[in-house]
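Structure, as structure tokens:
Since this is a predicted model, take the numbers as computed values, not measurements.
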Amino acid sequence: MDVKRFLIFGLIVLSAFVSCRKQASVTVIPFGRLSTGEEVTLWHLENASGASMDVTDFGCRIVKICMPDRDGVIDDVVVGYGDLETFEKADRFFGPVIGRYGNRINHASFTLDGTKYNIVANENLAGEPVQCHGGYKGFDQFVWKGEVVREEGRQGVKFYRLSPDGEEGFPGNMEASVTYWLSDDNVVTLEYEATTDKTTVVNLSNHTFFNLRGSEPSYVMEHIMQVEADTCVQNNLQYCPDILLPVEDTPFDFREPHRVDYRIDMPNEHLRIMKGMSACWVIRDWDGTLRKAADLYDRKTGRGVETWTTEPALLTYTGRGFSPEKHPNGKYGPIDKFAGMLLETIHFPDSPNQDRFPSTVLRPGEKYHSVTQYRFYAK
């Protein structure tokens, strides 16, 4: 074959290869109107291999993440709702951003630079007021402004909003953004940023429930989990940190891979207080850089996901409060007990009141920045 024919043949092969690959894309879809009349939008992100992710500007919710199994079958690994009416009227915390402060602040108050702030309490636990996930009107309750963003090898949506001074009791006008990226190598990245004009506290996260089995309802406690932690939190009666304990000889020792429920019947004070499997781990050797926190794997499908984060803690909740009676309108039918689990990366609950934990204080002139990655794989 002469050089000219060789070059032509090479171009034909290259053209055929390129034509077989999908083009990464972002599709913007109307998602309906809230009861307030606000229009809501859905963004469908698809990468070059056909994996996809759906997100909406109502509370920056993750609606779907569709990933391949070991045979290449792509299915949704997110448990929750699929329509706007249910997102608005049913359980708030399927898939949204949570803030200004994710998880709980005990006594619904904290002191900052000598000033006490009483924030809105949306829970009462053992006779004490508690704020959970930002109060009655947390970040999940707002329609954010969204725009498509693109970089080499990935595409996403960046959401913005201004949280005004005094919202749910928090000081400072805080400008916040949440960016969701989907890369061509099946990595979902969540990137949070915030600035403030007055000293405040911030702890942003996402509240997506995962089940790697796919859209067929199944028992998530069969998943195999490994966590990069030697220490876990024992809560008090307000579900806030009380004692830090070694994981050894507890139901929370996942230094080696185990079924999620492998010690669910073991006598344990934290399990008793939380009425089941719910845990907060201290990430080993945390220094604020992106590091592996956990690995979750489903043996039947071969789907797995590694959780990487800049946050110091990993919190899980395995859906013990789900039931077909409470959650009849799931995307794929009623949502049953233990149908999905959180892989929630956060600063520790109640940190504004507990100096032993890394600070969640944000001051004027500083920028809050947090990154979490869900690195999906199949084997």
Basic-acidic side-chain contact under 4.0 Å: Arg213, Asp298: yes
Can any side-chain N or O of His133 pair as donor or acceptor with the backbone N or O of Asn103 at less than 3.5 Å? yes
Is atom CZ of Arg299 surrounded by more than 12 heavy atoms (other residues, nucleotides or ligands) closer than 6.0 Å? no
Glu38, CD atom: more than 12 neighbouring heavy atoms under 6.0 Å: yes
Can the ring centroids of Phe170 and Tyr101 be said to lie less than 6.0 angstrom from one another? no
Applying side chain to side chain contact (heavy atoms under 4.5 Å, CB included) between Leu362 and each of Asn203, Thr200, Thr199, report the one that passes. Thr200
Relative to the ring of Phe94, is the ring of His327 parallel (under 30°), tilted (30 to 60°) or perpendicular (over 60°)? perpendicular
Any donor-acceptor pair under 3.5 Å linking the side chain of Asn268 with the backbone of Leu271? yes
Could you check if a side-chain atom of Phe357 sits within less than 4.5 angstrom of a side-chain atom of Leu244, using non-hydrogen atoms only? yes
Indicate yes or no: at least one non-hydrogen side-chain atom of Ser215 is less than 4.5 angstrom from one of Lys331. no
Any chance the side chains of Glu311 and Ser370 put a donor and an acceptor closer than 3.5 Å? yes
Donor-acceptor pair, side chain of Trp286 and main chain of Thr310, under 3.5 angstrom: yes
Carboxylate-amine/guanidinium contact Asp230 Arg284, below 4.0 Å: yes
With hydrophobic residues grouped by side-chain heavy-atom distances under 4.5 Å, do Leu42 and Val40 end up in a single group? yes
Taking atom NZ of Lys292 as the centre, does the number of heavy atoms from other residues, nucleotides or ligands within less than 6.0 Å exceed 12? yes
Taking the side chain from Arg104 and the backbone from Pro241, do they hold a donor-acceptor pair closer than 3.5 Å? no
Strictly distance-based, threshold 3.5 Å: is any side-chain N or O of Tyr368 a donor or acceptor partner for the main-chain N or O of Val201? no
For the residue pair His223 and Tyr297, establish whether any side-chain heavy-atom pair is separated by less than 4.5 Å. no
With a 6.0 Å cut-off on the ring centroids, do Phe139 and Trp144 count as close? yes
Side-chain donor-acceptor contact under 3.5 Å, Gln373 with Thr309: no
Are Phe31 and Phe87 side-chain neighbours, meaning at least one heavy-atom pair lies under 4.5 Å? yes
Can you list every pair that meets salt bridge (Lys or Arg N to Asp or Glu O under 4.0 Å) and has a residue in residues 161-176, with sequence neighbours left out? Arg161-Glu167
Within a radius of less than 6.0 Å around CD of Glu151, do more than 12 heavy atoms belonging to other residues, nucleotides or ligands occur? yes
Is there a side-chain contact between Gln226 and Leu296, using heavy atoms and a 4.5 Å cut-off? no
Taking side chain as C-beta onward, heavy atoms only, is Met174 less than 4.5 Å from Lys198? no
Regarding Asn211 and Ser218, do their side chains bring together a donor and an acceptor under 3.5 Å, going by distance alone? yes
Can you find a pair of side-chain heavy atoms, one from Leu190 and one from Val178, that are under 4.5 Å apart? no
Do Arg320 and Tyr317 meet the cation-pi criteria used here (NZ or CZ under 6.0 Å from the six-membered ring centre, within 45° of the axis)? no
Does atom CG (Asp355) have a neighbourhood of more than 12 heavy atoms from anything else shown, all under 6.0 Å? no
Salt-bridge present (Glu39, Arg33; N to O < 4.0 Å): yes
Parallel, tilted or perpendicular: which one describes the rings of His258 and Tyr262, with boundaries at 30° and 60°? parallel
Charged N-O contact under 4.0 Å between Arg255 and Asp253: yes
Just to verify, what does Phe338 make a ring pair (Phe, Tyr, Trp, His ring centres under 6.0 Å) with, not counting sequence neighbours? Tyr219
